[in-house]
There are 4 protein chains.
Amino acid sequence: MARNAEKDQALREKRLNHLLDCALEVIAVKGIGAVSISDIAAAAKISVGNVYHYFKSKDEIFDEILKRGQTAYGEFVTHTASLDLPALEKLHLICSSWLSVRNHWAHTILIHSARLAETSLPGTRSQVTERFTRNLLPVSAIIEQGQREGAVIDGDPLELAFYLVSLIQGLTLQRVPGAEVQAPIRVDGVLKLLDKRNRI
Amino acid sequence: MARNAEKDQALREKRLNHLLDCALEVIAVKGIGAVSISDIAAAAKISVGNVYHYFKSKDEIFDEILKRGQTAYGEFVTHTASLDLPALEKLHLICSSWLSVRNHWAHTILIHSARLAETSLPGTRSQVTERFTRNLLPVSAIIEQGQREGAVIDGDPLELAFYLVSLIQGLTLQRVPGAEVQAPIRVDGVLKLLDKRNRI
Amino acid sequence: MARNAEKDQALREKRLNHLLDCALEVIAVKGIGAVSISDIAAAAKISVGNVYHYFKSKDEIFDEILKRGQTAYGEFVTHTASLDLPALEKLHLICSSWLSVRNHWAHTILIHSARLAETSLPGTRSQVTERFTRNLLPVSAIIEQGQREGAVIDGDPLELAFYLVSLIQGLTLQRVPGAEVQAPIRVDGVLKLLDKRNRI
Amino acid sequence: MARNAEKDQALREKRLNHLLDCALEVIAVKGIGAVSISDIAAAAKISVGNVYHYFKSKDEIFDEILKRGQTAYGEFVTHTASLDLPALEKLHLICSSWLSVRNHWAHTILIHSARLAETSLPGTRSQVTERFTRNLLPVSAIIEQGQREGAVIDGDPLELAFYLVSLIQGLTLQRVPGAEVQAPIRVDGVLKLLDKRNRI
DNA sequence: TATGAATGAGGTTTCATTCAT
DNA sequence: TATGAATGAAACCTCATTCAT
């Protein structure tokens, strides 16, 4: 009668991921701050009380979403950096992915909300920031590659990476549904800011 | 007529401004979303109920702060644009002002929070966005001037202005107290992204 | 320089009456319970604080309005009773006045609201009831006259008066603006309930 | 599945009804307008917050009580109308029930309060009035029967029903605890107003 | 008398979290 | 695990009344 412990664990993992997916979805729709536990529970079609069998608190849910999102982004950037491509093409891949996928949008919102809010879990903010900083490194490496290729303007690669990512995030925030700034956002346009060649 | 109507009005105006200043201050410290009316009242050293003699609702307070901040910024940018200076120097003035003054920081936070939150006042979000868009125009004019001077890279001036402002805002958000990204933010570095000459 | 004390008193009386008129008006529009002191002050175009120079409390205002209304009604009924007319014509006068004049409507509402609410002034309810009961007497006298004339059905005159007035009040309540019952209210119809002759 | 869904639902229904009963009780004692959610919660011996698990707002509670009361009254009147009895006896049943049962009294108060107050739920007032009007129909039918029997005076049956019900309600309002009018209320006396025979 | 700012108590409502089943 | 009722703290807001001018 006893279940396989391993299988149980896998099942739990799966439900947990489902819960986080639903939470992110509902955050994207209602906006963080307006999202309650019961919203999340309803989205995942489980009961309010049951949410607490998977997470200790609401903040832990947000923490987990952030961790997942930033980790996935970090892996994507690291992988992109390792490709055999010119630097500008790599950056193009990264920027267009970031600006196009809806989940990235929600994550950006969450990252900034987590920073802006007085979240109760003390570590959240510093962890978010730390992961953010760590994720700058692959981008910085790409930029360094671009400088070696003569394709990217001079300057401290980490600083430039920081500017690029901040710009992308800034642009993402201009696209909040219901408050879209009416100005074009084009990846090519953004990358020209770093492009050394077409200036002269 | 034991009171002077004109003086009363001036007094009211003064107290109202004081209240808004205190509110911005406390928002800057605690972060919007964590700020309650009683926080604001305590900061201004008046009672909670009295706040409602000056504003109909919490949202109206935020609206007013936003309006004041964006209007002041708009005037500053417009004035800067009208100076008799090279474009890059004008941009330098704007960026360093924006990145250095603490109030600007709080305003940026507020602007984004107003967008991210499901605020009840229906017009808030669109008004914020509209003012934001309008404030792009003087920056765009400066960039156009810079292109005529051969100092700024080619491209649609409004688009470039949008990128510049989004970048500044993105950077501002990386400086939330308690979550500062450990990477340098230098106005000169930022402006090199637009600088045509020192690339070649 | 000193004003004439008598004139002062008259002026005060006049302002006081104006205040009460305005209060009744605004109660009629907004409904009691939704009316605040500041509503009344605004209607009378004086300041909130100044209201308290004329009345000790909100309840006292209501008390006074009720007293004025019930007293005026009592005088009207007493006067009507003293006329040299058949009883049914007297009743017709009373009923049509009651059902047609708007102020009467507001007074009826007030009377019942005063009873339904836990008003703080302890005497209010009993005073309202006492005046109500006293005002039944002239109506009762008219009914007695009608019985002597053979025009009104048999029965204790006071009891019949009580029924008639309760009926009028009940009908008045069916005419609250925004919730009017769609059924005809005709004085002739009402009086047929008391009419002895046209039945047989 | 540690719980039984069907049983849960029944339990909820039961608690909900209990809550409404307690609310009506406390309204009857304190008068509507003086009743707060915490009064209702205390009467039902649950916490304030928990009230909101059953009703979205205070107004919804009032709506629900009104609906229950008017519906029950409508069923009672309809049932009475269908009995095999002389019309006057049917009317006697209805009037004495209405005048004697305490709950009816509280309901009448509520009905009128709902009309007098600027309630926030927009439909409340019109719904109350609509149900009131619909509930006139069975009474009207009884009166028509009485006219065929030669027992009830002539006139539009609906109009007479309206008068009768308004009278009953008017009398009910004279019995507010603490403000009882000292005059007899006798069902026989009331019905004589409609009685054709004992006049001549 | 006249003003309206100021207060403070009280009301409604929301919601993260706990708990009995 | 799973449920959703229950709690309690905290938020927003209203308003009768007082008070300094």
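Owing to the predicted nature of the structure, the values given are computational and were not obtained by experimental measurement. Just so we're on the same page: letters track the sequence lines, and every chain starts at 1.
- Judged by distance alone, with hydrogens and angles left aside, B/His53 brings no side-chain donor or acceptor close enough to the base of E/dA5 to form a pair under 3.5 Å.
- Put simply, the side chain of A/Lys58 gets close to the backbone of A/Val35: a donor and an acceptor are under 3.5 Å apart.
- Between the side chains of C/Asp39 and C/Ser36, at least one donor-acceptor pair of N or O atoms lies under 3.5 Å.
- The separation between D/Phe55 atom CZ and E/dT12 atom C1' is 16 Å, rounded to whole Å.
- Looking at residues two or more places apart in sequence or on another chain, you find a salt bridge (Lys or Arg N to Asp or Glu O under 4.0 Å) between D/Lys56 and D/Glu60.
- Among F/dT7, E/dT12, F/dT17, the nucleotide with an atom closest to any side-chain atom of D/Lys58 is E/dT12.
- Counting only heavy atoms from C-beta on, B/Ser57 has its side chain closest to F/dC13 among F/dA2, F/dC13, E/dA5.
- Distance, B/Lys45 NZ to E/dT7 P: 13 Å, rounded to whole Å.
- Between D/Lys14 atom NZ and F/dA5 atom P the separation is 15 Å, expressed in whole Å.
- Candidate nucleotides F/dA11, F/dA2, E/dA6 were compared by shortest atom distance to the side chain of B/Ser36, and F/dA11 ranks first.
- Contact annotation for A/Tyr54: backbone-only contact, meaning every heavy-atom pair under 4.0 Å involves sugar-phosphate atoms and none involves a base.
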Inset, instruction - Show your working on side-chain contact (heavy atoms from CB on, under 4.5 Å) between A/Gln127 and A/Thr124 and close with a plain yes or no. - result: CA-CA 5 Å; A/Gln127 280 171 32; A/Thr124 298; 5.9 Å; no
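- If you check every strand for non-hydrogen atoms under 4.0 Å, B/Ile46 touches sugar and phosphate atoms only.
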Inset, instruction - Taking Watson-Crick and G-U wobble pairs with both distances under 3.5 Å, convert DNA chain F into its dot-bracket string, 5' to 3', dots for unpaired and | for cross-strand pairs. - result: .||||||||||||||||||||
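- Atom-to-atom distance recorded for B/Leu24:CG and B/Ile109:CD1 is 10.5 Å, nearest 0.5 angstrom.
- Between B/Ile61 atom CD1 and F/dC12 atom C1' the separation is 11 Å, expressed in whole Å.
- Residues C/Ser38 and D/Gly49 each lie close to DNA chain F; by heavy-atom proximity, the contact nearer the 5' end of the strand is made by D/Gly49.
- With rounding to whole Å, A/Asn50 atom CG is found 16 Å from E/dA16 atom P.
- Salt-bridge check for B/Asp63 with B/Arg125: failed, with every basic side-chain N at 4.0 Å or more from each acidic carboxylate O.
- Between B/Ser47 and D/Val35, the one whose closest nucleotide on DNA chain E sits nearer the 5' end is B/Ser47.
- Taking atom NE2 of residue B/His18 and atom P of nucleotide E/dA6, one finds them 11 Å apart after rounding to whole Å.
- When the nucleotides F/dA16, E/dT1, F/dA6 are ranked by their closest atom to the side chain of C/Ile37, F/dA16 comes out on top.
- A/Gln70 approaches A/Val128 most closely through the heavy-atom pair NE2-O, 3.3 Å.
- For E/dA2, the OP1/OP2 oxygens have a side-chain nitrogen or oxygen of C/Arg15 closer than 4.0 Å.
- Here E/dA6 presents its C1' atom at 15 Å from CG of B/Leu16, a figure rounded to the nearest Å.
- Minimum interatomic distance between A/Ala28 and A/Ala106 (heavy atoms only, all atoms of both residues): CB-CB, 3.9 Å.
- Between D/Arg12 and F/dA5, a side-chain N or O to OP1/OP2 separation shorter than 4.0 Å is present.
- Comparing E/dT12, F/dT7, F/dC13 against the side chain of B/Tyr52 picks out F/dC13 as the nearest.
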